[in-house]
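Remember, predicted model here, so these are calculated numbers, not experimental data.
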Amino acid sequence: MDSMHSRIADDLRRRIATGELRTGDPVPSEAQLSRAHAVSRGTVRQALAALRAEGAIGGGRGKPPVVRPPTLTQDFAELVSFSAWALALGREPGQQTVEVARRPARIDAIDALGLAEGDPVVELLRLRQLDGRPVMVERATFVERVGRLLFDFDPDAGSIYAHLRAAGIDLARARQTIDAVGADARDCELLGVAAGTPLLRVRRRTTDAGGEPLEWADDRYLGDAMSFTLESAAAGAAGVARAA
């Protein structure tokens, strides 16, 4: 049987999901929730703590909690494009291409893609959007034989991964590393944030099924639009990694 604090948390989640409680609205007070559900304030605090941990509500010390903007969840167990992920959530993806260029590989791409100094690659810089809002700066470096396929494609038209897969490129596996970085000058220009603003960064090394490197990417997300959650399992059990 579900505990009372779980039922209260579920009721608040429902009210947020249906729009009864909107972003920025105050959450009912502990006293109100205690009376409405005929429970102690301690039980209410457990329910509110669960929602805080999820990022559904927030508020400064001494201030009543308010509904926070919704975060989005992406399953890292499956390699999908930003566009496919957004559409699956019922959101509208968008993109603004800043540059597609063929040039000698930079040092980080040389290491990640197993290239030699001076080897050519194709670099892509795009601003990604959700429902018209800028949320991510995408930097991708492709080995030359893959990247040259982008010169026959308009990156503003949609998913690069879908285009490459349709051309026979086997984007099968990825190793992704998540950390935080301060916004650099280009990030500030594209995302409209101040220098040094913390961004969530996902660095991705994509290979084909045989392990041949195809792409090295550095995607930087606005922290208030996205969050990342990793689910772990005990040794011997299946684990899932997720991003939001």
Side-chain angles (χ1 to χ4, degrees), residues 74 76 79-85 93-129 134-165 167-223 225-226 228 241 243:
Q74 179 180 0
F76 268 14
L79 181 59
V80 298
S81 71
F82 179 94
S83 296
W85 162 71
Q95 50 277 323
Q96 174 187 334
T97 304
V98 178
E99 179 185 50
V100 181
R102 182 181 183 273
R103 57 170 57 99
R106 304 173 196 265
I107 186 63
D108 57 341
I110 289 174
D111 293 340
L113 299 176
L115 302 174
E117 186 175 351
D119 281 352
V121 293
V122 175
E123 294 183 348
L124 168 81
L125 177 63
R126 285 197 298 181
L127 176 65
R128 305 309 304 268
Q129 302 158 336
V135 296
M136 187 259 278
V137 176
E138 175 186 20
R139 295 170 172 87
T141 301
F142 294 93
V143 296
E144 199 271 340
R145 72 172 182 85
V146 173
R148 66 189 178 200
L149 297 171
L150 300 182
F151 293 115
D152 296 323
F153 174 70
D154 178 5
D156 282 349
S159 170
I160 285 176
Y161 269 25
H163 170 70
L164 294 177
R165 283 174 169 147
I169 302 301
D170 179 24
L171 298 161
R173 305 177 188 277
R175 180 179 179 86
Q176 307 192 72
T177 301
I178 306 168
D179 63 4
V181 295
D184 65 18
R186 182 52 63 90
D187 298 328
C188 295
E189 174 190 348
L190 295 175
L191 294 172
V193 297
T197 296
L199 302 176
L200 292 170
R201 178 173 65 174
V202 179
R203 286 175 290 175
R204 181 179 60 258
R205 180 179 181 268
T206 309
T207 69
D208 64 17
E212 180 185 352
L214 303 176
E215 177 202 24
W216 171 245
D218 178 322
D219 297 338
R220 302 184 181 191
Y221 295 85
L222 284 175
M226 316 290 288
F228 297 95

*Asks:* Between atom CD of Glu123 and atom CZ of Phe142, what is the distance when rounded to the nearest 0.5 Å?
*Replies:*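 Here the interatomic distance stands at 11.0 Å.
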*Asks:* Any Lys/Arg nitrogen of Asp179 or Arg201 sitting under 4.0 Å from an Asp/Glu carboxylate oxygen of the other?
*Replies:*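 Arg201 and Asp179: salt-bridged.
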*Asks:* If you take all heavy atoms of Ala183 and Ala194, which pair is closest and at what distance?
*Replies:*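 Here Ala183 and Ala194 meet closest at CB-O, 4.1 Å.
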*Asks:* Ignoring hydrogens, what is the shortest heavy-atom contact between Leu191 and Arg220? Give both atom names and the distance.
*Replies:*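 Smallest heavy-atom distance, with atoms named: CD1-O, 4.4 Å.
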*Asks:* Got a second to check how far Leu127's CG is from Glu189's CD, nearest 0.5 Å?
*Replies:*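 It comes to 10.0 Å.
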*Asks:* Test side-chain contact (heavy atoms from CB on, under 4.5 Å) on Val137 and Val98; report intermediate values, then the result.
*Replies:* CA-CA 10 Å; Val137 176; Val98 178; over 6 Å; no
*Asks:* First locate atom OG1 of Thr206, then atom CZ of Arg175, and finally report the distance between them rounded to the nearest 0.5 Å.
*Replies:*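 Rounded to the nearest 0.5 Å, the OG1-CZ separation comes out at 12.5 Å.
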*Asks:* Using 0.5 Å steps for rounding, measure from the NE2 atom of His163 to the CG atom of Asp154.
*Replies:*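 His163 atom NE2 to Asp154 atom CG measures 10.5 Å (nearest 0.5 Å).
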*Asks:* Got Pro155 and Leu124 here, is their nearest side-chain heavy-atom distance under 4.5 Å?
*Replies:*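 Yes - at least one pair of side-chain heavy atoms lies under 4.5 Å apart.
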*Asks:* With rounding to the nearest 0.5 Å, note down the distance linking CG in Asp218 to OG1 in Thr141.
*Replies:*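 Rounded to the nearest 0.5 Å, the CG-OG1 separation comes out at 9.0 Å.
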*Asks:* Side chains of Glu215 and Tyr161: any donor to acceptor distance under 3.5 Å?
*Replies:*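 Yes, a side-chain donor-acceptor pair sits under 3.5 Å.
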*Asks:* Does any part of the side chain of Gln176, heavy atoms only, come nearer than 4.5 Å to the side chain of Arg203, both counted from C-beta?
*Replies:*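 No, every pair of side-chain atoms sits at 4.5 Å or beyond.
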*Asks:* Where do Arg145 and Glu212 land on the salt bridge (Lys or Arg N to Asp or Glu O under 4.0 Å) test, with the steps shown first?
*Replies:* CA-CA 12 Å; Arg145 72 172 182 85; Glu212 180 185 352; 3.5 Å; yes
*Asks:* To check you understand the geometry: which heavy-atom pair defines the closest contact between Gly182 and Asp187, and what is its length?
*Replies:*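 Gly182 and Asp187 have their closest heavy atoms at O-OD2, 4.4 Å.
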*Asks:* Indicate the atoms forming the closest heavy-atom contact of Arg205 with Pro213, along with that distance.
*Replies:*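 Arg205 and Pro213 have their closest heavy atoms at NH2-CG, 3.1 Å.
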*Asks:* Strictly below 4.0 Å, N to O, side chains only: are Arg139 and Asp184 in salt-bridge contact?
*Replies:*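 A salt bridge links Arg139 with Asp184.
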*Asks:* Any donor and acceptor pair, going by atom type alone, linking the side chain of Asp170 with main-chain N or O of Asp208 inside 3.5 Å?
*Replies:*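 Pair absent, no side-chain N/O of Asp170 close to backbone of Asp208.
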*Asks:* Salt-bridged, Asp219 to Arg128, with N to O below 4.0 Å?
*Replies:*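 A salt bridge is absent here (no side-chain N lies under 4.0 Å from a carboxylate O).
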*Asks:* Name all pairs fulfilling the side-chain hydrogen bond (donor to acceptor under 3.5 Å, both in side chains) condition that reach into residues 108-118, sequence neighbours left out, sorted by first residue then second.
*Replies:*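 The answer is Asp108-Trp216.
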*Asks:* Identify the two heavy atoms, one from Gln95 and one from Gln129, that lie closest to each other, and give their separation to 0.1 Å.
*Replies:*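 Scanning both residues, the minimum pair turns out to be N-OE1, 3.7 Å.
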*Asks:* Identify the heavy atoms of Leu115 and Ala109 that sit nearest to each other, and give their distance.
*Replies:*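 Of all heavy-atom pairs spanning Leu115 and Ala109, the closest is CD1-O, 4.4 Å.
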*Asks:* Between the main-chain N or O of Thr97 and the side-chain N or O of Asp156, is there a donor-acceptor pair closer than 3.5 Å?
*Replies:*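 Yes; judged by distance alone, with no hydrogens or angles, the pair exists.
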*Asks:* Is there a side-chain contact (heavy atoms from CB on, under 4.5 Å) between Leu214 and Ile169 once you walk through the steps?
*Replies:* CA-CA 9 Å; Leu214 303 176; Ile169 302 301; 3.9 Å; yes
*Asks:* Decide side-chain contact (heavy atoms from CB on, under 4.5 Å) for Val100 and Val122; before the verdict, give the C-alpha distance in whole Å, the side-chain angles of both, and the deciding distance to 0.1 Å.
*Replies:* CA-CA 7 Å; Val100 181; Val122 175; 3.9 Å; yes
*Asks:* Could you check if a side-chain atom of Leu149 sits within less than 4.5 angstrom of a side-chain atom of Leu164, using non-hydrogen atoms only?
*Replies:*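 Counting from C-beta outward, Leu149 and Leu164 do come under 4.5 Å.
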*Asks:* Quick one: are Val202 and Tyr221 in side-chain contact, heavy atoms under 4.5 Å?
*Replies:*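 Yes, their side chains come closer than 4.5 Å.
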*Asks:* Can you tell me how far the CD atom of Gln96 sits from the CG atom of Leu125, to the nearest 0.5 Å?
*Replies:*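 That separation rounds to 9.5 Å.
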